[in-house]
Amino acid sequence: MTSLPPGTRAWILTDGKAGDLAPCRGLAAALGLGPEERRVAPRPPFAWLAPRGPVDPREGPSRPGSPLAPPWPDLALATGRRAVPYLRALRRLSGGTTFTVCLKDPRIGAGVADLVWVPEHDRLRGPTVLTTLLAPHGVSPGRLAAARAMPDPRLAGLRGPRAAVLVGGDSRHGRVRPPEAERLLAALDRLADEASLMITASRRTPPFLRRALAALAARRGAFLWDGSGENPYLGLLALADAIVVTSDSTNMLGEAVATGAPVLVFELEDTYIRLRPVFAALRQYGAVHAFTGRLVGLPYRPLDFTPAIAEAVAVAYARHRDARARSPGP
């Protein structure tokens, strides 16, 4: 795994959403960085104007508590449309000394950063655009091994085989409809005859589905993380013999296939149409299967694109530093 030189100073710029923080944290860890996380919180209308508009003046570099307060980092990772104006401003304020990386399509072209990563199903391409099938994340082989060696006591007592159940929910592309939720719950009920269920929901899971999952867990003796205590997410993945994932999140999908356990995808009707080629590629690899309430599939070599993304960032960062060192001073 690639690491940057000791002492490399790094920032993560996001608006604090878990789905944005996770890939940045995972990539930073793969690069051997201990980044400073800076949260952007633009007010209207600046939030509405992102990613094209300017930084909220209240969060300018000279304002108390600004996410852009110097000294500038050597490298900055950012994702999410609200963070794009701040990454663009940082590149300008630092005079180009900060190497900037944008994860996901910034929607205003690749010129907002020195390097842009996008998933292959996005259309953005260019000489400074890096693409892989799935996003970076923090579910590394080392962390999985540690979680297996010291299993979460809330999970360790469950009989095998165990199935992790990662439930997403509503997004800008669509909502979970009650009939779909009923199909999912019925399939999970069937799966509980074959495996112990370890269930976790997301912030996007609608309340009615959360309540139904809690009722299912109570009736079938399953584990359901209710938000109390330490988040068992990594432990669920590490101990799972199979993983059920709803089709609304490629982040969850990428973390699941990094385990090598069969991934059973429950496809929601409003799944973003451009995600379907991702599912097809993973089915071809043998990692993903349709979820019908049964355990299917065999273990496979884990899929993790994080090391390759980290390597590309490290190479580009080194070239950037070398070019800056060779350029004449002011």
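Reckoned from all heavy atoms, side chains included, excluding hydrogens, waters and symmetry mates.
- The pair Asp114-Arg91 meets the salt-bridge criterion, with a side-chain N (NZ, NE, NH1 or NH2) lying under 4.0 Å from an Asp/Glu carboxylate O.
- Considering CD1 of Ile309 and CG of Leu27, their distance stands at 7.0 Å, rounded to 0.5 Å.
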Inset, instruction - Could you please spell out the steps behind the salt bridge (Lys or Arg N to Asp or Glu O under 4.0 Å) verdict for Asp20 and Lys104? - result: CA-CA 9 Å; Asp20 288 338; Lys104 297 192 302 188; 3.0 Å; yes

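- A donor-acceptor pair is defined here as one N or O able to donate and one able to accept, closer than 3.5 Å; no such pair exists between the side chain of Asp122 and the backbone of Leu124.
- A salt bridge does not link Arg162 with Asp241: every distance from a Lys NZ or Arg NE/NH1/NH2 to an Asp or Glu carboxylate oxygen is 4.0 Å or more.
- Cluster membership check: Ile243 shares its hydrophobic cluster with Tyr285, using side-chain heavy-atom separations under 4.5 Å among Ile, Leu, Val, Met, Phe, Trp and Tyr.
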Inset, instruction - Decide salt bridge (Lys or Arg N to Asp or Glu O under 4.0 Å) for Arg321 and Asp74; before the verdict, give the C-alpha distance in whole Å, the side-chain angles of both, and the deciding distance to 0.1 Å. - result: CA-CA 9 Å; Arg321 302 297 287 181; Asp74 300 305; 3.8 Å; yes

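- Without hydrogens or angle criteria, Thr79 side chain to Leu103 main chain gives a donor-acceptor distance under 3.5 Å.
- Judged purely by atom type and a 3.5 angstrom limit, Arg220 has no side-chain atom pairing as donor or acceptor with the backbone of Ser196.
- More than 12 heavy atoms of other residues, nucleotides or ligands lie within 6.0 Å of CZ in Arg159, so this atom counts as buried by the packing criterion.
- The two atoms that bring Ala217 and Leu224 nearest to each other are CB-CB, 3.8 Å, heavy atoms only.
- Formation of a donor-acceptor pair under 3.5 Å by the Glu180 side chain with backbone atoms of Arg177 is found in this model.
- Of the possible donor and acceptor atoms, one in the side chain of Ser94 sits under 3.5 Å from a partner among the backbone N and O of Leu90.
- In this structure, the separation between CG on Leu264 and OG1 on Thr292 is 8.0 Å, given to the nearest 0.5 Å.
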Inset, instruction - Walk me through it: do Asn251 and Ser249 pass the test side chain to side chain donor-acceptor pair (under 3.5 Å)? - result: CA-CA 5 Å; Asn251 279 357; Ser249 170; 5.2 Å; no

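- The two atoms that bring Leu68 and Tyr86 nearest to each other are CD2-O, 3.6 Å, heavy atoms only.
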Legend entry - Stepwise salt bridge (Lys or Arg N to Asp or Glu O under 4.0 Å) check, Arg39 with Glu37: CA-CA 7 Å; Arg39 182 174 177 177; Glu37 295 184 3; over 6 Å; no

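- Smallest separation of non-hydrogen atoms from Ile108 and Arg88: CD1-NH1, 3.1 Å.
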Inset, instruction - Check step by step if salt bridge (Lys or Arg N to Asp or Glu O under 4.0 Å) holds for Arg123 and Asp105. - result: CA-CA 9 Å; Arg123 297 187 181 93; Asp105 189 345; over 6 Å; no

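- For the pair Trp117 and Leu134, the tightest heavy-atom approach, listed with the atom from each and the gap, is CZ2-O, 3.5 Å.
- Annotation for Arg148: atom CZ counts as buried by contact number, over 12 foreign heavy atoms lying within 6.0 Å.
- In this model, a donor atom of one side chain and an acceptor atom of the other lie less than 3.5 Å apart for Asp226 and Ser228.
- Shortest non-hydrogen contact noted between Leu155 and Gly235 is CD1-C, 3.7 Å.
- Salt bridge present: Glu267 and Arg276 bring a charged side-chain N and a carboxylate O closer than 4.0 Å.
- Shown are Arg175, Arg203, Arg204; of these, the side-chain hydrogen bond (donor to acceptor under 3.5 Å, both in side chains) with Asp170 is made only by Arg175.
- Of the inter-residue distances, the one linking His320 atom NE2 with Thr98 atom OG1 reads 7.5 Å to the nearest 0.5 angstrom.
- When all heavy atoms of Gly60 and Val55 are compared, the closest pair comes out as N-CG1, 4.5 Å.
- Linking Ile, Leu, Val, Met, Phe, Trp and Tyr residues whenever their side-chain heavy atoms come within less than 4.5 Å leaves Trp11 and Tyr317 in two separate clusters.
- Looking only at distances, a side-chain donor or acceptor of Arg143 sits under 3.5 Å from a matching main-chain atom of Gly138.
- Listed for the Ser247 side chain is no donor-acceptor partner under 3.5 Å among the backbone atoms of Val265.
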